[in-house]
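In each ligand, atom 1 is the first atom listed, and ligand 1 is the first ligand listed. Just so it is clear, the values below take in all heavy atoms, side chains as well, and ignore hydrogens, waters and symmetry mates.
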Amino acid sequence: MRTIAASGGGATIALMAVGRSHPGKVRPQNEDSYLIRPVPHGVLVAVADGIGGGPGGLDASTLALRTLDQALTAAITDVGRLADAVAQANRLVFQQGQKRKDLEGMGTTLTAGVVLGDRLFLAHVGDSRAYRVTPHGLEQLTDDHSMAAEMERFGTLSAKEVERHPQRHVLTRAIGPYNEVRIDVQDRAWGQGERLLLCSDGLSNVLADAQIWEIVEHLHGQAVVDRLIQAALEGGGVDNVTVVLVEVEPRVGS
Ligand code: MG
């Protein structure tokens with residue numbers, strides 16, 4: 001758990017970021033990684049889900065997050081800085097995959113957010129997700145870059161058909177397989193009653209948005225993360241599952 005001072009609307013607030021990753025009940029190793037780090041005036045968080053199942057998955061997710069960690073040391077004043085760091089992560093993972101035969105084609109998803117006092121920057125590639133949680137509900141901020149989700153967006157598949165589609169997990173974009181990658185970015189206003197939830201598909205493939213909401217609605221902090229992971233495990237735990245949450249720390253004694 002990390003507490004980070006941030007300034008929003010002229011006042012100083014304390015942001016709290018918590019995260020946890022679990023290998024699940026089936027996979028031999030955990031290829032998911034997450035990052036929580038204070039940055040000037042806020043917090044940097046990210047989730048990466050290594051792909052391929054081979055040795056490259058864990059290497060890719062670890063290297064991508066290490067690159068973000070090292071690239072973003074100064075104040076992050078615009079979303080372009082975050083996007084540049086994600087592009088750099090892509091180049092480094094790609095180069096690593098070129099260098100070593102056993103890591104060829106290594107890749108990872110990468111969903112990264114910078115929460116400042118009153119702004120949220122997001123950069124996203126793959127099918128890990130960012131959700132905005134308000135007192136009234138849950139909103140998925142990111143598009144899944146998977147075959148099935150792309151088909152749903154183009155209207156060729158219904159949401160119901162997507163759930164059963166054999167290629168629903170095939171990614172259309174990832175960090176690492178190619179020298180260049182298209183990165184979705186967002187620069188949004190951030191309200192102090194809002195929370196940011198990042199997760200790998202080990203959560204979102206098991207729990208529908210309504211089930212995630214039922215858990216986050218009544219809990220705060222580490223309890224949200226632990227309960228979501230527990231629910232994913234109860235749902236079979238077929239994949240690695242990672243959850244990161246950012247929220248304003250409740251004031252003690254006021
Ligand atoms: Mg996964």
Please find the N/O/S atom of [X] nearest to the Mg ion (ligand 1) and write down its name.
X	result
D49	OD2
D239	OD2
D201	OD1

Can you tell me how far apart NE2 (H124) and CG (D143) are? Round to the nearest 0.5 Å.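 H124 atom NE2 to D143 atom CG measures 6.5 Å (nearest 0.5 Å).
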
Within the 3.5 Å criterion, strictly below it, is a donor on S128 or T109 matched to an acceptor on the partner's side chain?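 Indeed, the side chains of S128 and T109 share at least one donor-acceptor pair under 3.5 Å.
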
For D32, is there an ion pair with R27 - N to carboxylate O distance below 4.0 angstrom?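 A salt bridge is absent here (no side-chain N lies under 4.0 Å from a carboxylate O).
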
If hydrophobic clusters are built by linking Ile, Leu, Val, Met, Phe, Trp and Tyr wherever their side-chain heavy atoms come under 4.5 Å apart, do L233 and V238 end up in the same one?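 They do not share one cluster, since no chain of ILVMFWY contacts under 4.5 Å joins L233 to V238.
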
